[in-house]
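Data first, discussion second: the structure below is written as structure tokens.
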Amino acid sequence: MTALGDLLIARIARTGPITLADYMADCLMHPEHGYYATRDPFGAAGDFTTAPEISQMFGELIGLALAQAWIDQGQPAQITLAELGPGRGTLMQDALRATRGVPGFHQALSVHLVETSPTLRKAQSARIAHATWHDSIATLPDAPLYLIANEFFDALPIRQFIRSGDGWREKMVGVTDGALAFGLSAAAPIAAVEHRLTDTTEGDLVEICPSLPAITETIGAQIERSGGCALIIDYGDWQSLGDTLQALQSQSYSEPLATPGQADLTAHVDFAAVAAHAAPAKYTRLTSQGVFLERLGITARAQALSAKLAGEARTAHIAAHRRLTHPAEMGDLFKVIGLYPSTATPPPGLEP
Ligand code: SAH
């Protein structure tokens with residue numbers, strides 16, 4: 001068992017089983033032993049690779065889309081360019097480079113990064129010269145907000161409930177024979193999943209992300225009040241159904257309870273929950289990443305870059321383009337939803 005596993009076993013022995021959300025929160029963000037708190041997990045040598053790490057085109061197109069949204073909204077003089085969970089800072093670095101030529105954009109923006117991991121903050125500051133860091137979105141300045149969140153919501157802790165009659169049994173993490181083991185609480189009505197009684201049957205599993213509503217409401221309220229837009233990109237779908245908890249270690253799947261603190265834990269994002277909490281801001285149609293990037297012009301950008309490459313670099317570049325957009329790779333699994341003011345047009349590449 002890992003050091004964090006021993007701590008959790010002792011804690012559960014003292015105070016009883018914990019929810020999956022409590023377990024995930026410790027595994028990911030425990031200050032001493034948490035997965036993100038203690039390492040840089042990205043890239044070929046790490047546990048997983050994300051879109052901005054696959055190709056510079058991803059961050060470039062996102063940056064240009066946000067700059068276009070800023071132009072569409074009349075080029076407000078002082079804006080917040082924010083990213084939630086920026087990882088290594090690659091996306092923001094590419095976005096800033098790509099938008100250098102947009103007249104007035106860099107003069108108007110200040111960069112704000114929401115990141116709790118000290119290790120990743122260090123990696124971000126090596127790539128982004130001028131930024132302000134935040135522990136949560138609560139402290140972002142009150143200015144028009146242009147926000148990106150790529151693979152941020154999937155890292156937020158979830159709870160799981162299994163339908164039992166007209167109530168729910170919650171999946172809990174307890175201890176059996178000295179080891180961490182899943183168990184189920186007694187059936188009870190649960191307000192947060194009451195609305196799922198209409199579209200589920202006995203034994204179905206649904207997931208909720210307890211911190212998603214407040215985060216989305218804060219973003220939606222600020223965008224409606226001050227202007228701006230948000231691009232939320234992640235794997236997931238419209239409404240959760242079934243167990244999507246995933247543990248990833250050294251690019252392969254592992255068992256979520258096996259190595260607490262040493263594997264990445266994620267769950268699919270329920271975009272219906274994002275939409276439900278966006279008001280008073282509007283939300284766009286949920287769009288696949290592949291379609292979104294094609295609409296933003298990724299093929300033209302890929303061709304322009306390709307002309308300067310040869311040999312292995314060219315082959316890798318063509319593979320990266322495919323990996324980001326092809327339905328059999330990330331193109332369909334990953335989705336994009338935009339949030340925007342009720343008085344504005346949707347961000348580029350997205351429809352009302
Ligand atoms: N967006 C990056 C990284 C995705 S991994 C990319 O696409 O490569 C998830 C990121 O969210 C990490 O930077 C992690 O440290 C951060 N994170 C996870 N939970 C967080 C929380 N509750 N508050 C702030 N940052 C968080």
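Just so you know, residue 1 is the first one in the sequence shown, and it goes up from there.
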Legend entry - Ring-face cation of Lys282 near Tyr340 (centre distance under 6.0 Å, axis angle within 45°): no

Legend entry - Min side-chain heavy-atom separation Leu293-Thr299 under 4.5 Å: no

Legend entry - Tyr36 side, atom OH; Leu265 side, atom CG - distance, nearest 0.5 Å: 9.0 Å

Inset, instruction - Please report the closest heavy-atom contact between Thr2 and Pro260, naming both atoms and the distance. - result: OG1-O, 2.9 Å

Inset, instruction - State plainly whether the residues Asp166 and Arg163 are in salt-bridge range, i.e. N to O under 4.0 Å. - result: yes

Legend entry - Shared hydrophobic cluster, Leu20 / Leu184 (ILVMFWY, side-chain heavy atoms < 4.5 Å): no

Legend entry - Exercise: identify the closest heavy-atom pair between Leu324 and Ser55: CD1-CB, 4.0 Å

Inset, instruction - Say whether, by atom type as modelled, one donor and one acceptor occur between the side chain of Thr90 and the main chain of Pro52 under 3.5 angstrom. - result: no

Inset, instruction - Please answer: with hydrophobic residues joined when any side-chain heavy atoms are less than 4.5 Å apart, are Leu145 and Ile71 in the same cluster? - result: no

Legend entry - Rounded distance [0.5 Å steps], OG in Ser117 versus CE in Met29: 6.0 Å

Legend entry - Under the ring pair (Phe, Tyr, Trp, His ring centres under 6.0 Å) test, residues paired with Phe105 that sit two or more places apart: Trp70

Inset, instruction - Check the pair Gln251 / Asp47 against side-chain contact (heavy atoms from CB on, under 4.5 Å), numbers first and verdict last. - result: CA-CA 5 Å; Gln251 318 264 356; Asp47 289 326; over 6 Å; no

Inset, instruction - For residues Pro86 and Glu115, report the shortest heavy-atom separation together with the two atoms involved. - result: CD-OE1, 3.4 Å

Legend entry - Stepwise side-chain contact (heavy atoms from CB on, under 4.5 Å) test for Glu351 and Thr284: CA-CA 5 Å; Glu351 303 160 319; Thr284 68; 6.0 Å; no

Inset, instruction - Over all heavy atoms of both residues, which pair between Pro210 and Ile158 is shortest? Give the atoms and the distance, please. - result: CD-CA, 4.1 Å

Inset, instruction - Say whether Thr38 and His33, considering side chains only, have a donor N or O and an acceptor N or O under 3.5 Å apart. - result: no

Legend entry - Minimum side-chain heavy-atom gap Ile215-Leu156 below 4.5 Å: yes

Legend entry - Listed partners of His134 passing ring pair (Phe, Tyr, Trp, His ring centres under 6.0 Å), at least two apart: His112

Legend entry - Worked check of side chain to side chain donor-acceptor pair (under 3.5 Å) between Asn150 and Thr50: CA-CA 9 Å; Asn150 183 61; Thr50 56; 4.9 Å; no

Legend entry - Side chains of Leu248 and Thr266 in contact at under 4.5 Å (non-hydrogen atoms): no

Legend entry - Close side-chain approach of Ile208 to Val193, heavy-atom, < 4.5 Å: yes

Legend entry - Shortest non-hydrogen contact between Pro17 and Met172, atoms and distance: O-CE, 3.7 Å

Legend entry - Separation between OG1 of Thr99 and CG of Leu81, rounded to the nearest 0.5 Å: 7.5 Å

Inset, instruction - State plainly whether one hydrophobic cluster holds both Leu120 and Phe152, where clusters connect Ile, Leu, Val, Met, Phe, Trp and Tyr through side-chain heavy atoms under 4.5 angstrom apart. - result: no

Legend entry - Leu309 side, atom CG; Ile318 side, atom CD1 - distance, nearest 0.5 Å: 8.5 Å

Inset, instruction - Give, for atom OG of Ser240 and atom CD of Gln160, the distance between the pair rounded to the nearest 0.5 Å. - result: 9.0 Å

Legend entry - In one Ile/Leu/Val/Met/Phe/Trp/Tyr side-chain cluster, 4.5 Å: Phe48, Val269: no

Inset, instruction - State, with a plain yes or no, whether a side-chain heavy atom of His317 is found less than 4.5 Å away from one of Gln56. - result: no

Inset, instruction - Fit a plane to each ring of Tyr235 and Phe334, take the angle between them on a 0 to 90° scale, and name the class: parallel (under 30°), tilted (30 to 60°) or perpendicular (over 60°). - result: parallel

Inset, instruction - Answer whether the closest heavy-atom distance between the side chains of Tyr23 and Leu8 falls below 4.5 Å. - result: yes

Inset, instruction - May I ask you to check whether Thr259 and Gln249 show a side-chain donor-acceptor distance below 3.5 Å? - result: yes

Legend entry - Cluster overlap Phe292 with Ile337, hydrophobic side-chain contacts below 4.5 Å: no

Inset, instruction - Kindly give the heavy-atom pair with the smallest separation between Arg314 and Ser306, and that separation in Å. - result: NE-OG, 3.1 Å

Inset, instruction - Would you indicate whether Arg97, at its atom CZ, is surrounded by more than 12 heavy atoms from other residues, nucleotides or ligands within a distance under 6.0 Å? - result: yes

Inset, instruction - For side-chain contact (heavy atoms from CB on, under 4.5 Å), just list the numbers for Glu83 and Leu147, CA-CA rounded to whole Å, side-chain angles, deciding distance to a tenth of an Å, and then say yes or no. - result: CA-CA 6 Å; Glu83 184 173 358; Leu147 180 141; over 6 Å; no

Legend entry - Residue of the set Lys122, Arg88, Arg121 for which salt bridge (Lys or Arg N to Asp or Glu O under 4.0 Å) holds with Asp40: Arg88

Inset, instruction - Please indicate whether Glu255 has more than 12 foreign heavy atoms, meaning atoms of other residues, nucleotides or ligands, lying under 6.0 Å from its CD. - result: yes

Legend entry - Test item: Phe42 and Thr49 side chains (from C-beta on) under 4.5 Å apart, heavy atoms: no

Inset, instruction - Would you sort out whether Arg196 and Asp204 count as a salt bridge (Lys or Arg N to Asp or Glu O under 4.0 Å), showing the intermediate values? - result: CA-CA 10 Å; Arg196 299 302 304 273; Asp204 278 350; over 6 Å; no

Inset, instruction - Decide side-chain contact (heavy atoms from CB on, under 4.5 Å) for His268 and Asp154; before the verdict, give the C-alpha distance in whole Å, the side-chain angles of both, and the deciding distance to 0.1 Å. - result: CA-CA 6 Å; His268 284 199; Asp154 70 26; over 6 Å; no

Legend entry - Heavy atoms from other residues, nucleotides or ligands near CZ of Arg225 exceed 12 (cutoff 6.0 Å): yes

Legend entry - Residue pair Leu91 / Phe58, side-chain heavy-atom distance below 4.5 Å: yes

Inset, instruction - May I ask you to say whether Lys171 pairs ionically with Glu207, meaning some side-chain N is under 4.0 Å from a carboxylate O? - result: no

Legend entry - Under 3.5 Å: donor-acceptor pair, side chain of Arg169, backbone of Ser185: yes

